[in-house]
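The model shown is predicted, which means the values in this text are computed figures rather than measured ones. Order of listing sets the numbers, starting from 1, for every ligand and every atom in it.
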Amino acid sequence: MAKVLSNKIASIQPSIFSVISAKANELGAVNLGQGFPDYDCDDFIKQAAIEAITTGHNQYAPSQGTAFLRSAIAEHEQKFYGLFYKPNTNITVTSGATEALWTTFQAILNDGDEVIVIEPSYDSYSPCITFAGGVYVPCKLVNDTYELDGRLLQSLVTTKTKAILFTNPHNPTGKVFSKEELSWIVTTARSHNLYIVCDEVYEHLTYDCNHTPIPMLFDEPEVKDLVIRISSLGKTFSVTGWKIGWVLANETVTSAIRAVHQFIVFSVSTPMQIAAAKALSFITENPMYIREYANTLMVKRDKLITTIESIGLIPYIPKGGYFVVANFSKVFSGTSREYCQFLLEENMVATIPLEPFYSKNVSLPNAVRFCFSKKDETLQNAITNLAQQNLTSKPIR
Ligand code: PMP
Ligand code: GLN
């Protein structure tokens with residue numbers, strides 16, 4: 001008989017993003033589920049990768065990342081946010097934000113340490129924490145406006161709390177946290193000496209507002225020391241398949257992160273790091289390029305919102321990211337998973353249910369997530385299919 005597997009595996013479900021994409025492909029439905037653009041990245045980015053390969057950058061990179069990319073990240077931080085990170089001691093290149101998150105929790109948690117996670121939360125957060133021996137403690141955003149209840153956050157801190165984890169701009173809601181909400185996070189972390197782990201993969205995709213990293217808002221060395229920032233190239237440059245990410249942290253945390261990272265992947269693809277450095281340097285010198293891209297996405301967002309409203313859903317207006325979360329209680333009486341299945345089977349539009357973004361046994365909003373980082377043609381097909389809901393839906397069952 002085969003040996004028994006790790007107990008940790010029992011709680012792991014297949015990723016909702018893979019499940020929904022597979023179903024959408026099988027049915028030939030319009031895929032507004034998984035968060036990736038169905039349009040291609042720009043040519044200069046592809047050329048940079050091709051050139052890196054043809055000019056011989058094909059052997060292992062240093063484990064912490066190439067000097068070229070770490071310098072480009074440092075310059076990007078300085079130019080966009082006025083923040084100083086030293087390439088040699090504060091920056092580590094990872095295999096996407098996914099590995100950055102995993103490595104960070106392996107580096108900072110001991111068995112039984114608690115991490116307060118602002119919910120709804122990205123699906124990889126819970127396994128990252130529990131596989132590192134930690135305990136996931138949810139702090140649910142409240143009301144239809146997904147606000148942070150600062151007093152609730154404070155009440156969750158115990159002697160075992162080690163960190164607060166959240167995404168800003170947020171996935172799935174597209175919320176950009178207000179200064180007041182960030183103040184609650186910082187005050188709580190400071191008074192209990194907690195790390196703040198902030199996932200900023202949508203940092204450049206903001207609509208009518210700017211992303212403000214915590215150390216920029218609270219310009220004090222003690223605050224910067226507590227904050228571990230994670231980002232990646234995928235969303236900014238429409239290259240989600242490249243899996244180039246990074247972690248910015250103080251020197252001690254960076255050493256620990258590098259110690260873990262060397263035994264997870266050792267190093268990240270060399271030519272893609274060279275290309276990533278070129279892409280980042282390009283926006284550092286031409287910030288309008290990324291602003292214009294965000295404006296293009298905002299038009300897509302607004303188009304989708306109009307349709308969502310026309311079929312009776314109530315959208316939460318996202319200030320950042322790829323997604324619109326919309327409440328369906330006026331038109332459908334089942335769960336989020338059931339409405340997602342309904343849209344997929346009846347309207348041939350794939351969306352993501354909110355259940356996987358929440359821990360078990362919490363009450364969920366009656367809402368699903370739509371992704372708008374899609375070709376105009378794809379959005380138009382989705383709009384046409386969704387519009388048919390008015391004719392065919394079985395409202396309030
Ligand atoms: N964090 C969040 C909030 C995400 O939405 C995603 C998906 N892009 C990731 C992390 C993973 O990023 P990457 O593809 O760079 O691993
Ligand atoms: N971040 C993407 C989303 O939220 C999915 C990435 C993945 O499939 N792991 O849809």
Nitrogen or oxygen of K235 less than 3.5 angstrom from that of ligand 2: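 No; the residue has no nitrogen or oxygen that sits under 3.5 Å from a nitrogen or oxygen of the ligand.
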
Ligand 2 to F323 polar contact by distance, N or O atoms, under 3.5 Å: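 No.
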
Basic-acidic side-chain contact under 4.0 Å: [X], [Y]:
{"X": "E200", "Y": "K235", "result": "no"}
{"X": "K278", "Y": "E51", "result": "yes"}
{"X": "D376", "Y": "K300", "result": "yes"}

Just list the N/O pairs, ligand 1 to protein, that are under 3.5 Å apart, with the distance for each.
| unit_1 | atom_1 | unit_2 | atom_2 | d |
| --- | --- | --- | --- | --- |
| ligand 1 | 1 (N) | D199 | OD2 | 2.5 |
| ligand 1 | 5 (O) | N171 | ND2 | 2.8 |
| ligand 1 | 5 (O) | Y202 | OH | 2.7 |
| ligand 1 | 8 (N) | K235 | NZ | 1.8 |
| ligand 1 | 14 (O) | K243 | NZ | 3.0 |
| ligand 1 | 15 (O) | A97 | N | 2.9 |
| ligand 1 | 15 (O) | S232 | OG | 2.8 |
| ligand 1 | 16 (O) | A97 | N | 3.1 |
| ligand 1 | 16 (O) | T98 | N | 2.9 |
| ligand 1 | 16 (O) | T98 | OG1 | 2.5 |
| ligand 1 | 16 (O) | K243 | NZ | 2.7 |

Atom 8 (O) of ligand 2: nearest protein contact (heavy atom, Å):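 Protein heavy atom with the smallest distance to atom 8 (O) of ligand 2: Q34 NE2, 2.7 Å.
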
Geometric cation-pi criterion K360 and Y358, 6.0 Å radius, 45° cone: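 No, K360 and Y358 do not form such a contact.
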
W102 ring center within less than 6.0 Å of F131 ring center: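 Between F131 and W102, the centre distance is under 6.0 Å.
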
Heavy atoms from other residues, nucleotides or ligands near NZ of K160 exceed 12 (cutoff 6.0 Å):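 Not more than 12 within 6.0 Å, no.
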
Enclosure of K303 NZ (heavy-atom neighbours >12, cutoff 6.0 Å):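 For K303, atom NZ is crowded (more than 12 foreign heavy atoms under 6.0 Å).
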
Contacting atoms of ligand 2, where contact means under 4.0 angstrom from a heavy atom of G35: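 Answer for ligand 2: 2 (C), 3 (C), 10 (O).
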
Proximal ligand 2 atoms for Y122, defined as those under 4.0 Å from one of its heavy atoms: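 What qualifies from ligand 2 is 1 (N), 4 (O), 5 (C), 6 (C), 7 (C), 9 (N).
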
Candidate pair H170 and F166, rule ring-ring contact (aromatic ring centres under 6.0 Å, His included), full reasoning: CA-CA 8 Å; H170 187 243; F166 74 119; 8.6 Å; no

D144: salt bridge (charged side-chain N to carboxylate O under 4.0 Å, His left out) partners, not counting sequence neighbours: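 Result, salt bridge (charged side-chain N to carboxylate O under 4.0 Å, His left out) vs D144: none returned.
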
Side chain, backbone, both or neither: T240 near ligand 2, heavy atoms under 4.0 Å: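 The answer is neither.
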
